[in-house]
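Every chain is numbered from 1, with letters handed out A, B, ... down the list of sequences. Note that the structure is predicted; figures quoted are calculated from it, not measured.
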There are 2 protein chains.
Amino acid sequence: MRILIYMAQKPEELYTAKFLVEKLNVSDKYLRRLMTDLSKSGFIKSTQGRDGGYTFAKEIHGISLYEVIDSVEGMNKLNDCVLGFDECSCTNPCAMHNEWVVVREKLNQLFTETRLSDLDFERISRY
Amino acid sequence: MRILIYMAQKPEELYTAKFLVEKLNVSDKYLRRLMTDLSKSGFIKSTQGRDGGYTFAKEIHGISLYEVIDSVEGMNKLNDCVLGFDECSCTNPCAMHNEWVVVREKLNQLFTETRLSDLDFERISRY
DNA sequence: ACTATATACTACCTGTTTGTATTATTTTAT
DNA sequence: ATAAAATAATACAAACAGGTAGTATATAGT
């Protein structure tokens with residue numbers, strides 16, 4: 001999220017791994033691994049070799065927070081049963097089910113509706 | 001949560017550790033540790049010795065899900081900055097701050113407003 | 001006294017998250 | 001050719017969550 005949001009400030013720019021590592025304060029290897037994952041997920045594309053780097057593979061207007069979270073860590077933490085039961089549904093609910101579906105839906109809605117282009121870059125002071 | 005919700009079905013009853021261990025499928029030692037924590041937090045009270053056990057220390061109408069979660073694991077996971085920055089506020093927001101406050105408030109509200117007595121015990125099929 | 005119960009403390013285990021480190025390979029502009 | 005860049009695969013490490021296990025002690029009803 002931090003990488004993509006940082007890049008979304010200037011979506012047309014080409015960013016090198018080295019540059020992003022400095023800006024975001026993470027290790028080189030870790031960032032590169034994430035970049036490769038983000039490439040495979042289709043959010044960004046890479047150009048190898050000298051003068052290479054990363055840039056968005058599609059319009060940032062078309063990238064929701066939901067898609068990003070889902071591709072990086074999956075949405076199961078949010079959408080699985082909050083008490084950990086394998087089989088838990090509205091017809092066979094756990095003790096928290098009915099309360100949790102309300103929250104779950106709110107979160108899914110927020111993440112699905114918010115796109116990288118919706119962020120207020122004027123206000124953000126940390127990436 | 002599972003323990004307290006189970007007990008809330010019959011809030012006046014005295015429950016032994018052994019009984020709850022069988023009903024909730026957790027280890028004896030683990031449950032006892034949790035019970036001691038819940039006692040210290042004031043949700044339940046214990047009577048030692050033969051014919052002892054646990055029962056609620058106050059009305060279940062007065063116990064919100066917020067209080068329970070807060071006493072067991074703290075609410076910092078929810079209320080700290082979602083991107084992990086130490087100093088993150090509305091005047092100094094991280095990239096996700098403005099989106100996250102909406103969710104945060106919704107969750108806090110739900111957990112604060114829902115009390116053990118509000119659960120629909122008729123419908124619940126797993127504890 | 002005996003027995004059934006809770007308490008306390010400590011150590012351990014297993015998996016996950018959130019990264020870091022190492023090493024070697026491939027690609028491309030100049 | 002060379003240098004600057006991305007790629008790939010693997011191992012490691014620290015912190016934390018979610019438990020389990022052991023052992024000994026305290027309490028209270030009969």
*Starting at atom CG of B/Asn25, determine the distance to atom C1' of D/dG18, rounded to an integer number of angstrom.*
15 Å
*asked:* Does a side-chain N or O of B/Arg32 approach OP1 or OP2 of C/dT7 to a distance below 4.0 Å, or not?
replied: no
*Is any side-chain nitrogen or oxygen of A/Lys77 closer than 4.0 Å to OP1 or OP2 of C/dT17?*
yes
*Rounded to the nearest Å, what distance is computed from the CG atom of residue A/Leu83 to the C1' atom of nucleotide D/dG18?*
14 Å
*Using a cut-off of 4.0 Å on non-hydrogen atoms, how would the nucleic acid contact of B/Thr16 be classed: base, sugar-phosphate, or nothing?*
sugar-phosphate
_Residue B/Gln48, side-chain atoms from C-beta onward, closest of D/dT27, C/dT26, C/dT18_ = D/dT27
*In whole Å, what is the span from the CG atom of B/Asn76 to the C1' atom of D/dC16?*
12 Å
*To the nearest Å, give me how far apart CG (B/Leu34) and P (C/dA6) are.*
14 Å
*Does a side-chain N or O from B/Tyr30 land closer than 4.0 Å to OP1 or OP2 of D/dG22, or not?*
no
*In whole angstroms, how far is the C1' atom of D/dA4 from the CZ atom of A/Phe19?*
17 Å
*According to a strict under-4.0 Å criterion, is B/Thr36 in side-chain N/O contact with OP1 or OP2 of C/dT7?*
yes
*Atom CZ of A/Phe85 to atom P of D/dG18: distance rounded to whole Å?*
15 Å
*asked:* Does A/Asp86, at its CG atom, have more than 12 non-hydrogen atoms belonging to other residues, nucleotides or ligands within less than 6.0 Å?
replied: no
*Please tell me which of A/Ser27 and A/Thr47 maps to the more 5' nucleotide of DNA chain C, matching each residue to the nucleotide holding its nearest heavy atom.*
A/Ser27
*Does CD belonging to B/Gln9 count more than 12 external heavy atoms closer than 6.0 Å?*
yes
*Can you find an N or O donor on one side and an acceptor on the other, under 3.5 Å apart, linking the side chain of B/Lys29 with the base of D/dG19?*
no
*asked:* In whole Å, I'd like the distance from the CG atom of B/Leu31 to the P atom of C/dT5.
replied: 14 Å
_Nearest heavy atom decides the nucleotide; on that basis, is A/Asp51 or A/Arg33 closer to the 5' end of DNA chain C?_
A/Arg33
*Please work out whether the ring planes of B/Tyr127 and B/Phe121 are parallel, tilted or perpendicular, with thresholds of 30° and 60°.*
parallel
*A/Asp37 and A/Arg33 ion-paired at < 4.0 Å*: no
*Length of the CD-P vector between B/Glu73 and D/dA17, whole Å*: 8 Å
*Quick one: which of D/dT20, C/dT20, D/dA8 gets closest to the side chain of A/Lys40?*
D/dA8
*Of the nucleotides D/dT7, C/dA6, D/dG29, which one has an atom closest to the side chain of B/Tyr54?*
C/dA6
_Closest contact, heavy atoms only, B/Val26 versus B/Arg2_ = CG1-NH1, 4.2 Å
